[in-house]
Amino acid sequence: MKLPEDLNGLKALIVPGGESTTMEILIDRYRLRQPLIDFAARHPIYGTCAGMILFSSNVDDNQACVRPLNLIDIDVARIAYGRQVYSFDRQLELTLNGGVHGVSVSFIRAPRVTRVGPEVAVLASLDASPVLVERGNVLAASFHTELNDDTVLLNYFLRKIRA
Ligand code: GLN
């Protein structure tokens, strides 16, 4: 989707990884900021990596001046797990619907969550840092899951859509 009207009729939205600075410029160029905020108030929305940065309420040490959408009460530090060459895969335990699921995920220039608001649930952590968080409709992950075949998190999000 690219334009505000493209949100019409959607049941949910995934905001993928990429480059949050560029995505933010395009969000404002296409006047998507308020439509996305309104959409997230009524529909499930899931942000991965750059998507998580855009969903946050605050970006630490924000030299790139990213203005996040404030969809979930977390602070993030961009590229805090290292640059592209330091990308890594990790086995994580996700707590979803009361069960614990092991999945292999990829961290690629990933954001670190540096603060979690009191109403935000932490569904997975890496070395004591939250990496998967949720509040109501909004789900946000520091990592990518689309690079392996494990669909457990996608299925969790699909269940949120059906609920
Ligand atoms: N480093 C990117 C950013 O700050 C996010 C990386 C990713 O989405 N894999 O926008």
Side-chain angles (χ1 to χ4, degrees), residues 1-2 6-7 10 12-37 39-40 43-94 96 102-117 120 122-135 137-158 160:
M1 61 140 306
K2 187 166 159 186
D6 295 336
L7 288 167
L10 292 190
L13 187 69
I14 296 178
V15 178
E19 181 49 51
S20 57
T21 53
T22 308
M23 289 156 83
E24 193 223 350
I25 289 168
L26 294 172
I27 283 171
D28 286 328
R29 182 169 301 166
Y30 290 98
R31 296 185 161 71
L32 274 163
R33 182 170 292 270
Q34 194 58 45
L36 283 171
I37 293 167
F39 186 86
H43 303 87
I45 184 164
Y46 166 31
T48 287
C49 205
M52 171 189 255
I53 295 166
L54 291 171
F55 287 7
S56 72
S57 42
N58 181 60
V59 179
D60 294 345
D61 191 18
N62 194 1
Q63 288 163 9
C65 300
V66 176
R67 281 195 313 137
L69 297 166
N70 194 18
L71 303 184
I72 184 164
D73 185 19
I74 57 169
D75 294 354
V76 296
R78 294 179 57 231
I79 318 174
Y81 289 97
R83 302 176 66 173
Q84 188 88 13
V85 288
Y86 298 113
S87 301
F88 59 94
D89 293 334
R90 197 56 74 81
Q91 186 78 15
L92 289 182
E93 298 205 322
L94 316 184
L96 306 172
V103 291
S104 178
V105 303
S106 305
F107 287 78
I108 306 167
R109 304 180 75 223
R112 187 186 295 276
V113 177
T114 56
R115 186 192 61 84
V116 171
V120 174
V122 175
L123 306 184
S125 297
L126 173 66
D127 303 334
S129 277
V131 290
L132 179 64
V133 292
E134 180 179 56
R135 163 100 212 278
N137 288 333
V138 183
L139 181 67
S142 298
F143 50 80
H144 293 255
T145 55
E146 72 277 14
L147 299 173
N148 61 48
D149 292 333
D150 200 320
T151 55
V152 72
L153 191 53
L154 206 52
N155 283 329
Y156 177 72
F157 188 60
L158 288 173
K160 278 173 82 77

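For ligands, and for the atoms within them, numbers begin at 1 and follow the listed sequence.
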Check your understanding: Counting both backbone and side chain atoms, is some N or O of His144 under 3.5 Å from an N or O of ligand 1?
Key -> yes
Practice item. Check whether any N or O atom of Ile108, backbone or side chain, sits under 3.5 Å from an N or O atom of ligand 1, and answer yes or no. Key: yes
So, for [X] and [Y], which heavy atoms are closest and what is the spacing to 0.1 Å?
| X | Y | value |
| --- | --- | --- |
| Ile45 | Ala40 | CG2-CB, 3.7 Å |
| Asp150 | Gly102 | OD2-O, 3.7 Å |
| Cys65 | Glu24 | O-OE1, 3.8 Å |

Practice item. Step by step, work out the side chain to side chain contact (heavy atoms under 4.5 Å, CB included) result for Lys2 and Leu32. Key: CA-CA 8 Å; Lys2 187 166 159 186; Leu32 274 163; 5.9 Å; no
Practice item. Could you tell me whether the side chain of Ser106 and the main chain of Asp89 form a donor-acceptor pair under 3.5 Å? Key: no
Review point. Taking the side chain from Ser142 and the backbone from Pro111, do they hold a donor-acceptor pair closer than 3.5 Å?
Key: yes
So which protein heavy atom does [atom] come closest to, and at what separation?
| atom | answer |
| --- | --- |
| atom 3 (C) of ligand 1 | Ser20 OG, 3.4 Å |
| atom 1 (N) of ligand 1 | Arg109 O, 3.2 Å |
| atom 7 (C) of ligand 1 | Cys49 SG, 2.8 Å |
| atom 5 (C) of ligand 1 | Gly18 O, 3.3 Å |

Practice item. Enumerate the atoms of ligand 1 whose separation from the nearest heavy atom of Gly17 is less than 4.0 angstrom. Key: 8 (O)
Exercise for review: Provide the number and element of each atom of ligand 1 under 4.0 Å from a heavy atom of Ile53.
Suggested key: 3 (C), 4 (O), 10 (O)
**Study point:** Leu132 vs Leu139 side-chain heavy atoms within contact, under 4.5 Å
**Key:** yes
Practice item. With heavy atoms only and a cut-off of under 4.0 Å, state how Arg78 meets ligand 1: side chain, backbone, both or neither. Key: side chain
